[in-house]
Every structure is written in structure tokens, then in C-alpha cells.
Amino acid sequence: MSRGFFSVAIDGPSGAGKSTIARHVARVLGFLYVDTGALYRALALLARRCGVAVTDEAGIAALLPAADVRLTCEGGVLGVFLGGEDVTEAIRAHEISQAASDVSKLPAVRAFLLDTQRAFAREQDVIMDGRDIGTVVLPDADIKIFLTAAPQERARRRFLELEARGAAVDYETVLADVIRRDENDARRAVAPLKPADDAIWVDTTGNTWEKSMRFILDLVKGKLAQCSTDSRMG
Ligand code: DC
């Protein structure tokens, strides 16, 4: 490994539990947690606010040079800032989910965010979640996990989360959105959602969070121990 820092890539469809698990692992191991979906969401919000259609690649590309998207992590709490404004809550709105999936199809957007994402892993130990972390962003990640769950279960979790936030949505709509986003993310031409060849598959359907978190934490700890033994021996 040429980099001095340890990196964990977690990819998978929306609602599989990537962020909950990644945040937990980051807290326990003292890694930086990078939620790459938040970067795409922030750009989708920017496009909406500027009145640019999420399918208008030239219009969105024109916004990028001045786009100022930052992630902060204070005491394990992730903050997302757009032009200095805290948009952590705003990017979680239901309509931004689909818009983020649409902007993430645009090659100009993916190219713009690639360096931002890689820079995190050059500076510290990271756990990064997204759709293409193990395949494109960090192809040399020390450990790659593909986290998934049945669409019905992912929709149920998302529905409960939105309901808890007071959003007026019904389960059937959320399920239809989950399925549409899966297709969108898996079928796009650039960096589609797919497991890296060397990813470890973890299906969380029917598991409690505790069980899934423990399992993944153990996987990462095992790999860390192996890497430190390898570096001592060689
Ligand atoms: O993980 P999320 O739901 O917050 O991501 C929002 C959208 O961003 C998702 O539909 C796909 C896209 N995305 C991506 O294309 N690549 C990533 N590494 C992360 C997210």
C-alpha cells in the first residue's frame, strides 16, 4: 500500500444502513466518516436553488466551479455546508433524494466530486460510504464492503425515518422511490452501483442494527490487525 492511511469502502443501495454502520465504526475506531451521498445531495440542492434542471448537464456543469460544498465532523456529528450555509437537514428532504440520484448520473458532477472524496483518504484513516467507493473512488481501499438489504426492508426503514421527521409520506410511495432509485443508480453509464470484485457482501435483511454493526466492526478490526501484522513483518 503506498498510502499511509487505512481506508474502508462501504457501497450499497440506499437504505441498506451504510451511514448508520459507517458512523458507528468511525466513532469506535477514531476514523473520519465520509458520507459521499451528502456531496451529491448538496449539489442537487444547489441546482434546485439556482433553478437548473437536474438533467441539464451544461447548466449544472456551469455551477460547479463556484460550488463550495464542505463536510464537517464534530463529535461524530456530520455537517454539510453549501456556500457556508448549514444544509445538513435540507439535503435530507424527500425530493432531494431523487434529485441527487439524477445529478449523480452526470459525468461532470462525478468528475468534480472525485478529487474531493479522494482528498479525505489522503489525509487520515477513513470510512467512506457511497455507490462507487470500492470501484472508482478508492479502488485500493484496505477493505471493501457491499452492504445490502431487501427493497421492502429498506423502504420500511426509510419510511419510519421520514415519519419520525414529520414528513407526510406513505410506505407504497417510499417503496416505489427506493426501487426507482436502485434502478437509476445501477443503470447509469458512469460509475454505476455495483460491488467491487473483491468486496465482502453483507445482507442486513432481518438483522438488528447491533448485529450488523458488530459484524462489520469485527471485519474492519480483523483487517486492521492483519495490516499492522503485515507491515511489522515486511
Ligand atoms: O447515499 P444517499 O442516498 O445519500 O445518496 C444520494 C444519491 O447520490 C444516490 O441516489 C446515488 C448518489 N451517489 C452516488 O452516485 N455515488 C456515491 N458515491 C454516493 C451517492
Side-chain angles (χ1 to χ4, degrees), residues 7-23 26 32-48 54-55 57 60 64 67 69 71 78-80 82 87-121 126-139 141 144-149 151 153-155 157-159 161-162 165 167 169 174-196 199 204:
S7 55
V8 184
I10 302 195
D11 291 302
S14 58
K18 300 186 297 292
S19 63
T20 310
I21 291 177
R23 199 175 299 124
L32 175 72
Y33 164 52
V34 182
D35 171 359
T36 64
L39 300 170
Y40 290 93
R41 285 171 179 270
L43 290 182
L45 183 66
L46 176 67
R48 281 200 152 223
V54 285
T55 46
E57 179 155 25
I60 291 187
L64 296 176
V69 182
L71 298 182
L78 185 85
V80 186
L82 182 61
V87 294
T88 312
E89 273 296 308
I91 60 162
R92 299 294 155 195
H94 190 53
E95 64 277 9
I96 297 298
S97 300
Q98 186 59 41
S101 183
D102 288 332
V103 297
S104 74
K105 281 194 230 168
L106 306 177
V109 166
R110 303 207 76 84
F112 174 76
L113 290 179
L114 194 56
D115 244 14
T116 311
Q117 296 169 86
R118 286 184 177 159
F120 289 115
V126 291
I127 179 159
M128 203 177 281
D129 78 6
R131 305 295 189 286
D132 62 338
I133 309 305
T135 50
V136 176
V137 179
L138 301 178
K144 301 177 187 175
I145 293 163
F146 193 79
L147 194 73
T148 188
E153 174 133 349
R154 292 187 282 120
R157 292 174 189 165
R158 178 92 185 120
F159 170 70
E161 195 185 302
L162 287 167
R165 263 196 260 138
V169 284
V174 176
L175 177 61
D177 282 355
V178 162
I179 292 170
R180 193 172 63 236
R181 271 219 288 158
D182 281 0
E183 284 177 3
N184 228 358
D185 295 344
R187 286 206 194 137
R188 67 172 175 235
V190 192
L193 168 66
K194 69 165 196 253
T204 64

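Whatever order the structure lists ligands and atoms in, that order sets their numbers, starting from 1.
In this structure, D132 pairs ionically with R110, as a charged nitrogen and a carboxylate oxygen lie closer than 4.0 Å. For the pair R157 and E161, the salt-bridge criterion is not met [side-chain N within less than 4.0 Å of a carboxylate O]. A salt bridge is absent between D115 and R118: the closest approach of a Lys/Arg side-chain nitrogen to an acidic carboxylate oxygen does not fall below 4.0 angstrom.
Contacts of S104 with ligand 1, taken as heavy-atom pairs under 4.0 Å, involve the side chain alone. Residue R158 does not touch ligand 1, judged by heavy-atom distances below 4.0 Å.
Of all non-hydrogen atoms in R131 and S14, the two that sit nearest each other are NH2-CB, 3.5 Å. Contact detail for Y33 and A26: the closest heavy-atom pair is CB-CB, 3.7 Å. Nearest approach of V178 to P151, heavy atoms of both residues: CG1-O, 4.1 Å.
At least one N or O atom of R188, backbone or side chain, sits closer than 3.5 Å to an N or O atom of ligand 1. Ligand 1 has a nitrogen or oxygen under 3.5 angstrom from a nitrogen or oxygen of R41.
Distance from atom 9 (C) of ligand 1 to its nearest protein heavy atom, with residue and atom name: R131 NH2, 3.4 Å. Counting only heavy atoms of the protein, atom 19 (C) of ligand 1 lies nearest to T36 OG1, 3.3 Å. From the protein, the heavy atom lying nearest to atom 8 (O) of ligand 1 is Y40 CB, 3.6 Å.
When the side-chain hydrogen bond (donor to acceptor under 3.5 Å, both in side chains) test is applied to R188, the partners found at least two apart in sequence or on another chain are S104.
A donor-acceptor pair shorter than 3.5 Å can be found between the side chains of D185 and S101.
For the ligand labelled ligand 1, residue R110 lies inside the 4.0 Å heavy-atom shell. The closest approach between K105 and ligand 1 stays at or above 4.0 Å for every heavy atom of the residue.
Those atoms of ligand 1 with a heavy atom of R181 less than 4.0 angstrom away are 3 (O), 6 (C), 9 (C), 10 (O). With ligand atoms numbered from 1 in the order given, ligand 1 contributes 10 (O) to contacts under 4.0 Å with heavy atoms of S101.
For atom 7 (C) of ligand 1, the choice among G130, A9, A100, G15 with the nearest heavy atom turns out to be A100.
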